[in-house]
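If you're wondering where the values come from, they're calculated on a predicted model, not measured in any experiment. All chains are named by letter (A, B, ...) in the order of the sequence lines, taking the proteins before the strands, and each is independently numbered beginning at 1.
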Amino acid sequence: MTPRTALLAAAELLGWWVALALLWLVLISTVDPLELAVGAGSALVGALAARAARRAVTGS
Amino acid sequence: MRSVMDVLPYLVAAWVFLAGCYGLATSRNLIHAVGCLSVCQAGTYVLLLAVGYRNKATAPVFSDIKPGSRPVVDPVVQALTLTDIVVGATVTALLLALVVQIAKRHGTVDPDELSELRG
Amino acid sequence: MNGWLLAATVGLAGGLGAALWGVATGPLRRRVVAQNLSTALACPSLLLLSQAYNRPSYVDLGLVLALLGPVGTLVFARLLADELAEDPPRAWGLTWTVAGLGAAAVTALCVATGPSRAMVKLLVIGALLISGNAIASRALSGGFRGVRGG
Amino acid sequence: MTRRTRLWVLLTGGAGLAALLVAACLRLPHFGGDRHPYGDRAVHASLTRHTANTVSSVNFDQRAFDTLGEMTILFAAVLGCVVLLRQTRDERRARPEPAEVARPVRRYALLVLPVALLSGLYIVAHGQLSPGGGFQGGVVAATALHLLYLGADYAALERVRPVGMYEVGDALASSAYVVTGIAGLIGGTAFLANTLLPYGTFNTLSSGGTVPLLNAAIGMEVACAVVVLLARFLDQAVEIEEESGR
Amino acid sequence: MADAVIVVALLLVAASATVAVATRDPMRQALVLSVLGVVLAVLFTVLQAPDVGLSQLAVCSALTPLLLMLAVRKVRRRGREREGER
């Protein structure tokens, strides 16, 4: 993992995380700290899954 | 109109159940039989939810309405039906696994040809 | 007399009735297209029902149907690739008219809900629905050529 | 017992059953009646425990023991499938050749997979508030994962989904459910009793005591169970071929 | 007016259940079962049961068809090999 690819990976993860966190904000009705925390966690899981899926498909 | 509406959901549930049983009994392909069994189950969902319905009522979920402001439907039958649907799906999967095994061992999925037990 | 409920009833009776008739009879390619259109019609009806019953929480049903409806059609497109290979379904006209109907329903609902997070949620669901059904019909009409159905 | 006589037996039996069913339907209370004693008590009990979604309260608080039974049925059904669909000695595993899929379909699958996964988690997390819960959210999340198989090919899905981990996840989630129940015992009240945690403020994520915990456990268990189930079916349908010996 | 949509949903469920049973070919039946799933979800929403409708949608729109089609593929592929050998 050269620094450049690590940076690219982090950028992709961050991009997916921001998009999914925004989607979470749209989905929920009331906004409070606990909801945001759970949303951040789920968005992270979604971002990791998105990146793993892209690598699995392009890797083949 | 009033009297038909009182009993229509129960009759539809009975019709769906009987149609599923008929398909199950006269099926010539085990995968078709598994589909008919899930139709039978659908009949029970309709009956359960029809029993729990209340006129001009809404769902017993209070995330967007004030509790007690509107009459609500019976949540107990909904809880029963909810878990039944997911368990029904996994039981369908188990039955399909059995059908795949039968096809592997006996080479056919026609219940009439599966006369002797073997394999 | 609730206008939304009337629109939903007409959509259900007409749309799903036609979809059911389409999936019950005719060649395989028309049945697959009818299945794809059944989800494309049911999702706007669910959203209309959510507005008719004045229950914003019913919108989650429309969200899940907009997400998983096209996935169901992709399952059929992929696993019936061999059978559909001979006469691939060509139903672009029908798909776009139904997508137009869905878009009309979603815009009417957005106007009714007014600018808020709920409206953004409706727009997200509408976008998912229309893109999903376009991709599903694209997959049906030959998206899985090289697949041995596996 | 030819098919014809069997059909006659079926029709007569069916007609009798139909007659009984119609007679029963005519005597049932009218559809949409106002008498729902259990429903009203369930709503009252759910509101005292600050659970907004009464159905989840019935599932994970008032009838939590029955949901434990549902979960074991789920676990046993998946176990049965794993045993039935295993690769026997006279079968070999052929690597599935990568399938070329239309570009827009592949891009759609890669785009919708995280969105569907997030929606599944949203439905599980808000199980005790808005419509949804562990069962539905788990199935949505598991189906989202299989978009990879639909959008690309089975090899790509196998790379992302280590089946062993999901089997362990399934067992862990089931035991988490039971441990939460035993915690009630240790806490001095009954098994799976919702008296341990504070009920929190109404209509927030932390309301409802142990309902969110049991919800999450069921969500994880159903998701892992469906992934394991589909993994076995996909192995059989896509990879495992019959030895040409027989 | 609320009853009309219930009657429509009920008749659609009865019709699609009958069609699902009448379709003998498993592949075509899987298609009809997925339409039956959608119609059932609409009926549950009309009977004010969104949780049950959500559960029906999640299960019967993608999971059951996938299981049915994979089973049909496995059984049919075995049949084709068997004809090939005979």
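The contact between E:Leu40 and chain B is made entirely by side chain atoms (from C-beta outward), counting heavy-atom distances below 4.5 Å. Of the two parts of E:Thr23, only the backbone, made up of N, CA, C and O, holds a non-hydrogen atom closer than 4.5 Å to a non-hydrogen atom of chain B. Residue contact with chain B, scored on non-hydrogen atoms closer than 4.5 Å, involves the backbone of E:Val46 exclusively. For B:Thr26, the parts lying near chain E are the backbone and the side chain together; criterion is any non-hydrogen pair under 4.5 Å. Heavy atoms closer than 4.5 Å to chain B are found in both the backbone and the side chain of E:Leu10. Within the 4.5 angstrom heavy-atom criterion, only side-chain atoms of E:Gln29, from C-beta onward, approach chain B.
Between chain E and the residues B:Ala42, B:Ser38, B:Ala57, B:Ala50, the most heavy-atom pairs under 4.5 angstrom are made by B:Ala57. Ranked by heavy-atom pairs shorter than 4.5 Å toward chain B, the options E:Val59, E:Leu67, E:Leu47 are led by E:Leu47. The most heavy-atom pairs under 4.5 Å with chain E, out of B:Thr58, B:Asp84, B:Val34, come from B:Thr58. Of all the listed residues (B:Leu30, B:Ile31, B:Asn29), the one sharing the greatest number of non-hydrogen pairs under 4.5 Å with chain E is B:Ile31. In terms of heavy-atom pairs under 4.5 Å with chain B, the best-connected choice from E:Leu63, E:Leu68, E:Leu43, E:Asp25 is E:Leu68.
Between E:Ser16 and E:Leu36 the shortest heavy-atom distance is OG-CD1, 3.4 Å. The two atoms that bring B:Met5 and E:Val7 nearest to each other are SD-CG2, 3.5 Å, heavy atoms only. The two residues B:Pro75 and B:Pro60 have their closest heavy-atom pair at CB-CG, 3.7 Å. The two residues B:Leu49 and E:Phe44 make their nearest non-hydrogen contact at CD1-CD2, 3.1 Å. When all heavy atoms of B:Pro9 and B:Val46 are compared, the closest pair comes out as O-CG1, 4.1 Å. Between E:Leu33 and E:Ala20 the shortest heavy-atom distance is CD2-CB, 4.1 Å.
A donor-acceptor pair under 3.5 Å links the side-chain atoms of B:Arg54 to the main chain of B:Val72, judged by distance alone. In this structure a side-chain-to-backbone donor-acceptor pair under 3.5 Å is missing from B:Ser27 to B:Leu24.
To the nearest 0.5 Å, atoms CZ (B:Arg70) and CZ (B:Phe62) are separated by 10.5 Å. To the nearest 0.5 angstrom, B:Gln101 atom CD is 9.5 Å from E:Lys74 atom NZ. Distance CZ/B:Arg28 to CZ/E:Arg24: 9.5 Å, rounded to 0.5 Å. Note: B:Leu80 CG to B:Ile85 CD1 = 11.5 Å, rounded to the nearest 0.5 Å. Annotation: the span from B:Cys40 atom SG to B:Tyr45 atom OH amounts to 11.0 Å, rounded to 0.5 Å.
Contacts with chain E (heavy atom to heavy atom, under 4.5 Å) involve these residues of residues 87-98 of chain B, listed by number: B:Ala89, B:Ala93, B:Leu96. Residues of residues 14-21 of chain B lying under 4.5 angstrom from chain E, judged on non-hydrogen atoms, are B:Trp15, B:Val16, B:Ala19, B:Gly20 by number.
A search for side chain to side chain contact (heavy atoms under 4.5 Å, CB included) contacts involving E:Ala15 returns C:Leu20, not counting sequence neighbours.
Pairs passing the side-chain hydrogen bond (donor to acceptor under 3.5 Å, both in side chains) check and including a residue from residues 40-52 of chain E, sequence neighbours excluded, read C:Tyr58-E:Gln48, D:Asn53-E:Asp51.
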